[in-house]
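Okay, so here's the structure we're looking at.
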Amino acid sequence: MQSSENNQVSSYTEEITLFADVIVPVAVPNTFTYRVPREYAASITTGLRVIVQFGKTKVVTAIIARIHNKPPEKYHAKYILEVLDDAPLVNTKQIELFYWIADYYMCTVGEVMNIALPSGLKISSLSKVQFNPSFDTPELLTEREVEIIDELKKHQSLNYDELARFAEVKNVYHIIKSLIQKKAIIVFEEVREKYSPKILKKIRLNAFYEDSSYLTALIGELEKTPKQLDVILNYLKYVPVLRTPELNKKGLEKSALTKANVSESSLSTLLKNGILEQFEVIVSRFEEDLDFVEAPTPILSSAQESAFTEIMQSFQEKDTTLLHGITGSGKTEVYIKLIEQVLESGSQVLYLLPEIALTTQIVVRLRKVFGDKMGIYHSRFSDNERVEVWKGVVSGKFQFIVGVRSAVFLPFDNLGLIIVDEEHETSYKQFDPAPRYHARDVAVVIAHRQKAKVLLGSATPSIESFYNAKIARYGFVEMKERFGNTQLPDIELIDIKTARKQKLTKGDFSNMMLDTMGLNFEKKQQTILFQNRRGYSPYIQCEDCDTIVACPNCDVSLTYHYSNQELRCHYCGHREPMSKTCQACGSAKLKTRGYGTEKLEEELQLFFPTAKIARMDLDTTRTKTAFQTLINEVESGEVDILVGTQMVSKGLDFEKVSLVCVFDADRMIHFPDFRSSERAFQMLTQVAGRAGRRGTQGKVLIQTNNPTQKILKQIIENDYEGLYQDEIKEREDFQYPPFTRIIKITLKHIDQPNAEKAAKALALQLIEKLGTQRVLGPEKPLVERVRNQYLFEILIKLEKAINLKGAKTFIAEQVQNIELSKDFKGVGIVVDVDCG
DNA sequence: AGCACGCCGACT
DNA sequence: GTCGGCGTGCTC
């Protein structure tokens, strides 16, 4: 792993002092140079984690980015305190990637490191104070200090927080400083590794008794103590020592014995007498997972087979290929064959999925084929588990990773293939905090650097990717048939406006939608009702004075959540109990307005009292188990109608869903954003794709106020090409991606005029060099105030031909200008490159 | 970012 | 004089 450069330097270590430039996990622009202690000189390499003192109080985990022998000129380098790893946990390719990301997405390498490494790999330090036992001048102490010292004597040590709580002061620092001066206390750093390996307690029989005559003798002897005999017999039941003595080496989990209802005290007696022995092993957190049934590689249909061949051909010429396969075309089987092929060639494979899709059936399916070669990297996993996956990639245990966005940071060094499934998904873009990276785009960069191939898969590709395929930058493969010859669902529009006029509605449901749902229920088929809005109702209005209850911190209405009778802000998380009366006029006539999933669930229950109705949204799937339970219930057919947000449209395949109803299509279509048509098409096509599997054609009903909208026609006819042509023309006319790159700068301040002034000043500076064509705004965003901060946005469009690096440097300078300016104190600025 | 340091005003 | 508040600048 050591680079030749490092080796060369290391061989002179007798005379030369080494220095290491390290990345610290902080939002500071530079790397920092530390001195390598002599004892580490021979073994130090890039990619090792080290512990360093950073600033006066912090001790942090850093990564070695470079090793050299030039002492810094302007300051004395501090020593590296400790080296944490024997072999690099971060490889050179990753470090280069960190720099690329920092550069491209306009943030610091430290911020990249912070997001890239699971927190279990970032040791934290706590400053602790301890009473100095050789303290002998108590007369110097003030009364208060004596109290603190007395408290400190009671404990081995206390950290700052604990001390502050006891002393009942906000800033404990003064006191600590004074006590250090008087030599009454000692301050030390407690460094603590967050990752803790999973330890299993095991029991085995003393090897002495592996001999049959001794074992028989033992059993005879234990006749007197039946409880102990019981323990031994139980052990032998699991581990037949005589037949398979090698199993005895591995022993048995202690918990297996205790679960078998044996006497605990007898067990400890046996241990004490040396008949049984206890030992500990470090185990993988994933081993329990491994009772998978190895399934044969799926047999591909002829359409899948030819898609596979085409992809392989495409990879001959292109590094990236877009697979456009309609919903239900069976892309997964094609992926599996590709993955197998690449793994056989000895290269690593990364399969990226959006957050929600990962929890579902796909993982089970992949596990069956790839078993323990496959690692899963998911945000719902604990940090310890993520560290194990990271280490598993380093050690080569995991050649294949299925993961979410952040899996692009894993320490691959030999990737052969990256699959980005559902590549159009917006959750691949990170919004907060920095780095605001797009995992699909980063994947393409990684692949390029590791000479790997990328397969982007989607039924509804992003306009950008489709464009790249059109101009032949990407290869292109299509799958136009649904697997098993199932037809695409029949989509029908319902003109809700006309229906309302003709009084053919109940609530905001058209009779037609309700009737169809009813019929479907009678046929014992499942229905999905899609409404992309959680909660009961998006706002509450007073009938007398028209006041709408708003969030105190943001400029949005509060959403009413029925389940716990509270109002919630979906922007800042503010919660307040639902009040019975209007806070403005005292009237009791408060009305819920608009429809969220909760309200639809409630209304449907009234319409269909005997149906089992379930709801799937953020609120019902907070935990891993809740999510899985719900999926199981739907899969087993217990649930008749599933009401849900966009969650129901992603990666879920339910056999018996034959009807999909979209409650309100218009809100999505008219969202004020240049991507709204694309998004609406994607979302409605994906949710429609849930209807009908295995030979039966599904039905989709969409309620809209305006059924003549062109995009709806395109959705009905599954005319992606048509959508693309419309969109790409518009994007070209108005200079949006893929013809430009967009950088969004958001400025925040508690006072709106201040935010506006700063935004205007920044825009002016930007325009000076970039011109009014490229700089738009500043403008108030849709929601003007979030978390008590007023927002202004500037949009920068950079054409592809521009010197991107130069432009970004200029933008960064101007942003810094504003940040440092005395006129705009307290203005927060966020730069988002390629904003969604 | 996080935090010490320094200056300033309030209060015993 | 001591304590806390807030603005400023640095971190190898």
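This structure is a prediction, so every number in the text was calculated from the model and none was measured. Side-chain atoms are counted along with the backbone in the values below, which use heavy atoms only and exclude waters and symmetry mates.
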By nearest atom, which of the nucleotides [options] is closest to the [X] side chain?
X       : options                 : value
F54(A)  : dT8(C), dC12(C), dC5(B) : dC12(C)
V26(A)  : dC12(C), dC5(B), dA1(B) : dA1(B)
Y75(A)  : dA4(B), dA1(B), dC12(C) : dC12(C)
K825(A) : dT8(C), dC12(C), dC5(B) : dT8(C)

Rounded distance in Å - [atom1] ([X]) to [atom2] ([N]):
X       : N       : atom1 : atom2 : answer
K822(A) : dG7(C)  : NZ    : P     : 12 Å
R66(A)  : dC12(C) : CZ    : P     : 18 Å
E819(A) : dG7(C)  : CD    : C1'   : 16 Å
Q53(A)  : dG2(B)  : CD    : P     : 17 Å
F824(A) : dG7(C)  : CZ    : C1'   : 18 Å
D823(A) : dT8(C)  : CG    : C1'   : 16 Å
I51(A)  : dC12(C) : CD1   : C1'   : 16 Å
L81(A)  : dC12(C) : CG    : P     : 11 Å

Requested in this report: Just call it for E111(A): base, sugar-phosphate, or nothing, with non-hydrogen atoms closer than 4.0 Å on any strand.
Outcome: nothing

Report task. Have a look at K74(A) and say if it touches a base, only the backbone sugar-phosphate, or nothing, with a 4.0 Å heavy-atom cut-off. Result -> nothing

Under 4.0 Å from OP1 or OP2 of [N]: is there any side-chain N or O of [X] that close?
X      : N       : value
K58(A) : dA1(B)  : no
Y34(A) : dC12(C) : yes
T57(A) : dA4(B)  : yes
K78(A) : dC12(C) : yes

Query raised in the report: Within a reach of under 6.0 Å around CD of E139(A), are more than 12 heavy atoms found that belong to other residues, nucleotides or ligands?
Result: yes

Query raised in the report: Could K808(A) and D103(A) be called an ion pair, given the rule that one side-chain N must be under 4.0 Å from one carboxylate O?
Result: no

Report task. Please name the residue in the list F409(A), Y428(A), Y104(A) that meets the ring-ring contact (aromatic ring centres under 6.0 Å, His included) test with Y437(A). Result -> F409(A)

**Report entry** Derivation of the salt bridge (charged side-chain N to carboxylate O under 4.0 Å, His left out) call for K70(A) and D21(A)
**Finding:** CA-CA 11 Å; K70(A) 293 201 186 58; D21(A) 293 351; over 6 Å; no

Query raised in the report: For Y34(A), is the NZ or CZ atom of K78(A) found under 6.0 angstrom from the centre of its six-membered ring and inside 45 degrees of the ring axis?
Result: no

Report summary line: Per nearest nucleotide of DNA chain B, the residue lying toward the 5' end, V28(A) or K56(A), is V28(A)

